[in-house]
Amino acid sequence: MRVRFAPSPTGYLHIGNARTAVINYIIAKKYNAEYIIRIEDTDKERSTKESEISILQDLKWLGINWTEGPDMDKGHGPYRQSERDHIYKEYTDRLLKSGHGFRCFCSREQVEEDKAKAMAENKPFHDRCRNMPLAEQERLAAEGKEFTVKFKVPENTEISFDDKIKGTVTFNSDNIGGDFIIVRSDGGPVYNYIVIIDDALMEVTHVIRGEDHLSNTPKQILIAKALDLPVPEYAHLPLILGSDKKKLSKRHGITSVDLYKQEGYLPEALMNYLGLLGWSTESGEELLEFERLVELFELENIGKSPAVFDFQKLKWMNGAYLKKYPLDKVTEMFIPYIKAAGFETLPERSKLEDIISALRNSCEILSDISKFIGIFLNEINEPDEETDSHLKEDYAIDIIKICNELIEQITPDEISSFISKVKEKSPHKGKKLFHPIRAIVTGRLSGPELDIVIPIIGFDKLKKRIKYAYSRYC
RNA sequence: GUCCCCGUCGUCUAGGGGUCUAGGACAUCGGGUUUUCAUCCCGGUAACAGGGGUUCGAAUCCCCUCGGGGAUGCCA
């Protein structure tokens with residue numbers, strides 16, 4: 001069994017394509033199949049080397065390891081379509097000679113007109129040049145007349161295939177849009193034409209791709225038949241949509257895998273979310289690490305309808321991984337984000353782990369740490385607006401005064417009992433007691449438990465922060 | 001326009017003729033733990049697109065309508 005993921009390098013790795021890559025990978029692992037990467041760079045205008053590199057990087061980051069690809073030729077290469085022109089030319093010649101293909105010399109306007117007419121009459125579109133003798137085609141071509149190569153779609157023929165997800169899908173050749181271009185006027189072959197050639201030559205047995213290719217499939221099958229190439233098994237994945245049910249795009253939120261990486265999503269969580277989108281397990285368990293995904297997944301249990309990408313659920317899932325992993329591993333992952341938040345020099349490892357241990361539950365993604373890390377690492381924390389207005393309340397002023405007195409009376413080794421001492425002296429309790437303390441100590445209204453925070457920041461910082469609050473509010 | 005695919009809580013889904021007064025998860029709301037916030041635990045609100053059939057019986061089968069998506073000459 002051989003599967004493939006065939007990105008076109010015209011930008012970053014999109015989350016929807018990543019889903020396709022993930023599903024292919026799960027299947028590959030489940031059935032011990034080869035996983036081929038093929039770069040579909042037939043669009044010379046938009047394809048770039050940079051995006052090829054970044055796409056491959058992102059796939060690797062996600063945890064996808066292919067067994068064949070541009071960097072690993074196992075005898076089925078080249079794996080970039082731009083390097084396979086000589087192969088496609090051969091097939092185009094065959095198509096031309098056998099009469100399955102023909103050169104079309106019509107102008108765009110001409111074709112548009114003819115198509116509109118065919119449409120109006122509700123008849124299948126047949127190209128004007130469709131029956132031009134080969135000799136004349138060659139003569140005109142030799143004269144330098146511009147042409148495209150088209151596939152001659154047979155009349156009234158049933159084309160059907162068993163899709164692993166959609167079931168049996170049937171088309172009539174009269175309804176697929178008529179004779180279609182396989183080679184552009186600039187000589188470059190078109191995707192719809194060469195996918196099927198490459199899949200055959202690379203011996204791909206199962207094509208798992210997005211549903212947007214479903215309507216293209218009959219054309220590809222027709223070409224395979226004309227060229228006497230094998231037709232692979234198909235599975236068309238329903239599309240991923242944005243919250244407005246339109247195809248997922250930038251305006252819905254982040255769509256680039258690279259940005260997820262930067263924001264501090266774990267590849268395991270993304271893999272989990274993407275791999276679970278569109279189906280569910282019998283037991284209802286959703287936190288599935290890759291091996292478990294491989295164990296439980298079947299193409300057959302993917303739903304047929306498109307799925308809305310739920311950013312919140314992804315976050316939740318990411319947070320769940322953050323809570324689940326061992327502390328030292330999580331600490332390691334947070335370090336770059338702490339540095340990015342402006343803290344170049346970190347405390348010693350054991351203290352750092354204490355901090356992470358206190359903070360990890362407040363974070364869903366790694367970059368969330370920037371919102372809380374200052375509680376521990378700053379000398380003092382400027383209160384935000386909301387905290388500021390809390391500290392101006394009378395009961396808060398009371399607490400500030402009490403703290404200010406107390407901090408002068410206790411010794412550094414007594415700070416673990418600081419809160420209980422404040423409590424003894426305080427006329428307030430509950431919210432009116434703890435909120436002010438939190439505000440004084442951390443500059444904000446939420447965060448880890450104060451009993452944990454205070455010992456970690458230590459006496460000096462505690463005192464400094466109390467003095468600051470005192471000078472500012474009393 | 002034509003063809004193809006699809007339509008269960010806000011979202012992801014379970015369900016494949018009676019066990020569905022439709023189950024789970026995220027989100028949301030309420031309660032409990034934390035003498036504060038978060039975490040955590042418990043509970044609630046919330047859906048079979050509409051209309052016809054078939055059947056003793058339909059979310060489950062068929063048809064139509066509506067709605068969404070995709071394809072229809074030089075994106076993949």
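We name chains A, B, ... by the order of the sequence lines, and we start the count at 1 in each one. Excluded from the calculations below are hydrogen atoms, water molecules and symmetry mates; all remaining heavy atoms, backbone and side chain alike, are included.
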Whole-Å distance between B/rC12 C1' and A/I23 CD1?
14 Å
Heavy atoms within less than 4.0 Å of RNA chain B: which residues of residues 170-183 of chain A have one? Give them sorted by number.
A/T170, A/F171, A/N175, A/G177, A/I181
Distance under 6.0 Å and angle within 45° of the ring axis: does A/K164 meet both against A/Y234?
no
When rounded to the nearest Å, what value does the distance between C1' atoms of B/rA47 and B/rA27 take?
15 Å
Between A/F290 and A/Y25 (judged by ring centroids, cut-off 6.0 Å), do the two rings come close enough to count as a pair?
yes
Using the P atom in both, what is the distance from B/rG70 to B/rA38, to the nearest Å?
41 Å
Can you tell me whether the side chain of A/K313 and the base of B/rA25 have a donor-acceptor pair closer than 3.5 Å?
yes
Taking only the C1' atom of each, what is the distance from B/rC12 to B/rG18 in whole angstrom?
28 Å
Separation between the C1' atoms of B/rA14 and B/rU60, rounded to whole Å
13 Å
Check for me whether the distance between the ring centres of A/H236 and A/H213 falls short of 6.0 Å.
no
If I pick the P atom on B/rU11 and the same atom on B/rG68, what distance separates them, to the nearest angstrom?
15 Å
Cation over ring, A/R38 on A/Y79, under 6.0 Å and within 45°?
no
Length of the CD-C1' vector between A/E286 and B/rG24, whole Å:
8 Å
CG of A/D212 versus C1' of B/rG69: gap in Å, rounded?
10 Å
Under 3.5 Å side-chain donor-acceptor pair for A/Q81 and A/D198
yes
For atom NZ of A/K304 and atom C1' of B/rC6, their distance in whole Å:
9 Å
A/L237 atom CG is separated from B/rC6 atom P, nearest whole Å, by 14 Å
Measuring only the C1' atom in each nucleotide, how far is B/rC56 from B/rG31? A whole number of Å is fine.
46 Å
Is the distance from the ring center of A/Y273 to that of A/F309 below 6.0 Å?
yes
Can you tell me whether the side chain of A/S185 and the base of B/rC74 have a donor-acceptor pair closer than 3.5 Å?
yes
Same-atom distance (C1') from B/rA76 to B/rA59, integer angstrom:
37 Å
A/D162 CG to B/rC5 C1': how many Å, rounded?
15 Å
Closest to the A/S280 side chain, choosing from B/rU36, B/rG70, B/rU13
B/rU13
Quick one: is the NZ or CZ of A/K329 closer than 6.0 Å to the six-membered ring centre of A/Y325, and within 45° of its axis?
yes
On a whole-Å scale, what distance lies between the P atoms belonging to B/rG44 and B/rA25?
11 Å
Taking the minimum atom-to-atom distance to the side chain of A/N216, which one of B/rA76, B/rU72, B/rU2 wins?
B/rA76
